[in-house]
Asks: 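Okay, handing you the structure first.
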Amino acid sequence: MAKFLVQKSAPLRGEVTISGSKNAVLPIMAATLLTDEPCVIKDVPALRDVEVMCSLLESLGASAERDTDNSTVCITASGDISHEAPFDLVKMMRASILVLGALILRTGRAVIPLPGGCAIGKRPVELHLKGLKALGVVINEEQLARGVVDASADRLTGNTIYLDFPSVGATEVIIMAASLAEGTTILENAAQEPEIVDLANFLNKMGARIKGAGTDTIKIEGVEKLRGVASHHVIPDRIEAGTFMVGAVMTRGCVLIKNVLPDHLKAVIAKLRECGAEITMTDEGMIVRGDRNPINSTDIKTLPYPGFPTDMQSPFMALLTIASGPSVVIETVFENRFMHVGEFNRMGANIKTDGNCAIIPGGKVLQGAQVVATDLRAGAAVVLTGLVAEGTTEVSQIYHVDRGYENFVSKLRDLGANIMRVEE
Ligand code: UD1
């Protein structure tokens with residue numbers, strides 16, 4: 001098993017280029033099943049989740065070819081497509097459920113075994129299924145009780161759908177399905193994340209008619225056929241950018257972040273400024289300075305976009321452990337996303353939790369320790385903590401980090417971080 005060895009480091013300085021967004025590329029890759037023509041996707045990050053999605057599409061009968069530059073992927077789903085997603089791939093990545101709507105449209109049926117609950121919460125799919133049912137999909141309830149989504153439909157018909165919660169995955173599955181349904185679908189209380197907008201832009205390039213993506217009401221006029229896409233650039237990863245922004249502030253450094261869209265990071269920028277960061281946009285990118293002011297405490301509450309992103313909760317908590325005073329973090333998106341608290345406490349953070357609320361006393365001098373990457377973002381967060389802790393921090397279970405941060409170690413090392421990956 002590989003691990004990271006992280007030493008207390010000098011302030012991060014220099015520049016870092018952000019990769020394409022993991023959470024944008026995965027649904028876009030799933031959407032390629034909606035046509036038998038080739039789709040070329042650019043700025044695809046080299047990540048384990050992307051590899052799993054490529055393998056899933058290949059197992060269903062599509063071809064996925066990476067260009068020599070490794071960041072362009074051409075997916076062609078011509079020929080026979082299978083309706084059955086293999087469990088050994090689905091269990092590696094919950095986002096496999098994103099192929100649900102596209103598979104039903106392509107083959108009339110989709111069989112996807114659901115993995116059990118994961119570390120950060122139950123992550124059910126009832127909203128995806130409720131939306132698809134409203135479009136005419138029939139769900140085999142007996143199979144569902146056994147943990148297998150077995151959904152079928154000969155044709156889909158547009159409808160008005162209200163989501164009880166603005167689920168990102170449900171919004172993506174429903175807009176993919178509604179794109180080829182007969183008539184118009186109105187999706188209310190839809191997720192507004194930038195990744196939804198990127199998917200809608202991609203689908204519109206395929207010939208779909210989607211309006212309102214990025215707001216809470218999305219209108220999809222069904223079309224008869226979708227075509228291939230000659231080129232689509234994936235948006236930059238706002239969570240990777242946010243992680244490096246926090247790293248710059250925590251280490252009291254100064255980092256130029258390239259390939260970043262500040263509009264996608266308004267909540268993170270506002271909170272970092274409250275903490276004392278100086279953030280400016282230039283023609284080259286975003287400059288984040290943490291070397292001019294002390295780190296102030298602040299309170300955060302995670303919310304669906306445009307609120308503070310749950311995926312930035314653990315990196316931000318890492319920062320608050322060394323802020324000048326106490327802070328409160330409230331997690332409202334996932335029911336069990338404080339697994340990292342135990343790891344921060346091993347380093348001396350002394351955080352207390354009560355339900356979905358964490359109280360971080362701040363003002364600590366952290367000590368290096370043996371810690372675990374309890375999930376993808378928490379893995380990055382403990383690495384950042386290791387950069388400011390005395391001595392050595394050993395991070396295990398780093399396969400979580402490989403799922404979502406491209407070249408994490410080399411990007412950090414280029415900024416002066418003292419981190420190395422050890423294969424055991
Ligand atoms: C996506 C992101 C993930 C991010 C999350 C929230 C991808 C691949 N992953 O995950 O990084 O943390 O959005 O921003 O894009 N829920 C239900 N019923 C449902 C669906 C969801 O109760 O049918 C609940 C979930 O349990 C969770 C919350 O809604 O508590 C958010 O889930 P959702 O927005 O669906 O997140 P994902 O699409 O899984």
Side-chain angles (χ1 to χ4, degrees), residues 6 8-13 16 238-255 257 265-279 286-302 308-331 337-353 357-368 371 373-390 393 395 401 405 408 412 415 417 419:
V6 190
K8 183 168 176 157
S9 300
L12 297 186
R13 286 193 189 281
V16 62
R238 65 194 165 101
I239 306 300
E240 187 198 7
T243 304
F244 280 99
M245 290 163 74
V246 168
V249 180
M250 266 184 98
T251 59
R252 320 298 303 276
C254 176
V255 176
I257 301 186
L265 282 155
K266 283 183 183 158
V268 173
I269 292 172
K271 284 290 158 185
L272 281 175
R273 284 188 173 141
E274 273 181 40
C275 289
E278 290 185 9
I279 300 173
M286 181 191 286
I287 298 172
V288 182
R289 298 199 76 119
D291 55 352
R292 290 208 172 134
N293 304 309
I295 300 175
N296 305 319
S297 60
T298 189
D299 299 333
I300 60 166
K301 183 177 187 179
T302 66
F308 190 91
T310 174
D311 286 349
M312 282 303 299
Q313 186 248 105
S314 53
F316 220 87
M317 194 185 281
L319 170 66
L320 298 178
T321 61
I322 57 164
S324 56
S327 307
V328 175
V329 170
I330 300 176
E331 170 62 54
R337 204 169 196 180
F338 280 151
M339 308 281 287
H340 43 276
V341 166
E343 307 310 306
F344 290 150
N345 283 349
R346 273 186 231 277
M347 303 174 80
N350 199 20
I351 300 167
K352 304 256 186 319
T353 59
C357 177
I359 297 167
I360 301 110
K364 299 291 177 205
V365 177
L366 301 173
Q367 302 296 324
V371 292
T374 52
D375 74 31
L376 162 55
R377 306 302 169 187
V382 287
V383 166
L384 297 184
T385 317
L387 297 178
V388 296
E390 300 298 324
T393 298
V395 185
V401 181
Y405 288 91
F408 194 46
L412 280 171
L415 294 172
I419 175 171

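Treat the numbers as computed from the prediction; the structure is a model and nothing was measured. For reference, positions follow the sequence shown, starting with 1.
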Asks: Not counting sequence neighbours, which residues clear side-chain contact (heavy atoms from CB on, under 4.5 Å) with K266? List them please.
Replies: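 If we apply the side-chain contact (heavy atoms from CB on, under 4.5 Å) test to K266, skipping adjacent residues, the hits are D263.
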Asks: Please report the interatomic distance CG(L384) to CZ(F244), rounded to the nearest 0.5 Å.
Replies: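 Nearest 0.5 Å value for the CG-CZ distance: 8.5 Å.
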Asks: Checking F344 now: which residues fulfil ring-ring contact (aromatic ring centres under 6.0 Å, His included) with it, not counting sequence neighbours?
Replies: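 Once residues adjacent in sequence are excluded, the partners of F344 under the ring-ring contact (aromatic ring centres under 6.0 Å, His included) criterion are H340.
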Asks: How far apart are the closest heavy atoms of A318 and A381, and which atoms are they?
Replies: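 Of all heavy-atom pairs spanning A318 and A381, the closest is CB-O, 3.7 Å.
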Asks: Looking at residues at least two apart in the chain, or sitting in another chain, which of them share a salt bridge (Lys or Arg N to Asp or Glu O under 4.0 Å) with E331?
Replies: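 E331 satisfies salt bridge (Lys or Arg N to Asp or Glu O under 4.0 Å) with no residue once adjacent residues are dropped.
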Asks: Walk me through whether V341 and K352 qualify under side chain to side chain contact (heavy atoms under 4.5 Å, CB included).
Replies: CA-CA 8 Å; V341 166; K352 304 256 186 319; over 6 Å; no
Asks: Using side-chain heavy atoms (C-beta onward) and a distance below 4.5 Å, is V288 in contact with M245?
Replies: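 Contact flag for V288/M245 side chains = yes.
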Asks: For I239, check side-chain contact (heavy atoms from CB on, under 4.5 Å) against everything at least two apart and list the hits.
Replies: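 For I239 the side-chain contact (heavy atoms from CB on, under 4.5 Å) partners, ignoring immediate neighbours, are D237, T243, P309, D311, M312, R377, Y405.
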Asks: Run the side chain to side chain contact (heavy atoms under 4.5 Å, CB included) check on E390 and L366 step by step: do they pass?
Replies: CA-CA 6 Å; E390 300 298 324; L366 301 173; over 6 Å; no
Asks: Taking all atoms of both residues into account, what is the closest heavy-atom pair of A380 and F408, and its distance?
Replies: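 Here A380 and F408 meet closest at CB-CZ, 3.9 Å.
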Asks: Between A389 and G368, what is the shortest heavy-atom contact and its length?
Replies: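 So the two residues come closest at CB-N, 3.7 Å.
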Asks: Return the set of residues passing side-chain contact (heavy atoms from CB on, under 4.5 Å) with A277 (not counting sequence neighbours), or none when no residue passes.
Replies: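 For A277 the side-chain contact (heavy atoms from CB on, under 4.5 Å) partners, ignoring immediate neighbours, are V249, L272, I279.
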Asks: Hey, does M250 have a side-chain heavy atom less than 4.5 Å from the side chain of L387?
Replies: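 SC-SC contact between L387 and M250 ruled out.
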Asks: Does any part of the side chain of T302, heavy atoms only, come nearer than 4.5 Å to the side chain of I330, both counted from C-beta?
Replies: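 A side-chain contact under 4.5 Å is absent here.
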Asks: Hey, does M286 have a side-chain heavy atom less than 4.5 Å from the side chain of I269?
Replies: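 A side-chain contact under 4.5 Å exists here.
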Asks: Report the residues that fulfil side-chain hydrogen bond (donor to acceptor under 3.5 Å, both in side chains) with Q367, sequence neighbours left out, ordered by chain and then residue number.
Replies: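 In terms of side-chain hydrogen bond (donor to acceptor under 3.5 Å, both in side chains), with neighbours along the sequence ignored, Q367 is linked to no residue.
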Asks: Quick one: pull up OG in S297 and CG in L320 and give me the separation to the nearest 0.5 Å.
Replies: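 So the gap between those two atoms works out to 7.5 Å.
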Asks: Run the side chain to side chain contact (heavy atoms under 4.5 Å, CB included) test on L12 and L412 for me, step by step, so that the C-alpha distance in whole Å, both residues' side-chain angles and the decisive distance to 0.1 Å come before the verdict.
Replies: CA-CA 8 Å; L12 297 186; L412 280 171; 4.2 Å; yes
Asks: Do V388 and T251 come close enough that some side-chain heavy atom pair is under 4.5 Å?
Replies: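 Counting from C-beta outward, V388 and T251 do come under 4.5 Å.
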Asks: Could you state the interatomic distance from CZ (F316) to CD1 (I360), rounded to the nearest 0.5 Å?
Replies: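 F316 CZ to I360 CD1: 10.5 Å, rounded to 0.5 Å.
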Asks: Under the side chain to side chain contact (heavy atoms under 4.5 Å, CB included) criterion, do C254 and I287 qualify, and how do the steps go?
Replies: CA-CA 7 Å; C254 176; I287 298 172; 4.0 Å; yes
Asks: If we only count heavy atoms from C-beta on, is the K301 to V328 side-chain gap below 4.5 Å?
Replies: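 SC-SC contact between K301 and V328 ruled out.
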Asks: Going from CD on E274 to CD1 on I295, what distance comes out if it is rounded to the nearest 0.5 angstrom?
Replies: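 Separation between the atoms: 14.5 Å.
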Asks: Can you tell me how far the CE atom of M347 sits from the OG1 atom of T393, to the nearest 0.5 Å?
Replies: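 Taking CE in M347 and OG1 in T393, the distance rounds to 3.5 Å.
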Asks: Using only atom types and a distance under 3.5 Å, with no angle test, would you say the side chain of N345 pairs donor to acceptor with the backbone of G348?
Replies: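 Not a single qualifying donor-acceptor pair exists.
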Asks: Are the side chain of K271 and the backbone N or O of D299 linked by a donor-acceptor pair below 3.5 Å?
Replies: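 Looks like yes, one N/O pair under 3.5 Å.
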Asks: Using 0.5 Å steps for rounding, measure from the CD atom of E278 to the CG atom of N293.
Replies: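 Answer for the CD-CG pair, E278 versus N293, is 5.0 Å.
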Asks: Taking the side chain as C-beta and beyond, is there a heavy-atom pair between V371 and T385 under 4.5 Å?
Replies: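 Result no, sub-4.5 Å side-chain heavy-atom pair not found.
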Asks: Side chain of D291, backbone of R252: donor and acceptor closer than 3.5 Å?
Replies: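 No, D291 side chain to R252 backbone: no donor-acceptor pair under 3.5 Å.
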Asks: Please examine the side chains of R13 and V255, heavy atoms only from C-beta on, and report whether any two atoms are closer than 4.5 Å.
Replies: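 They are not in contact (no side-chain heavy atoms under 4.5 Å apart), so the answer is no.
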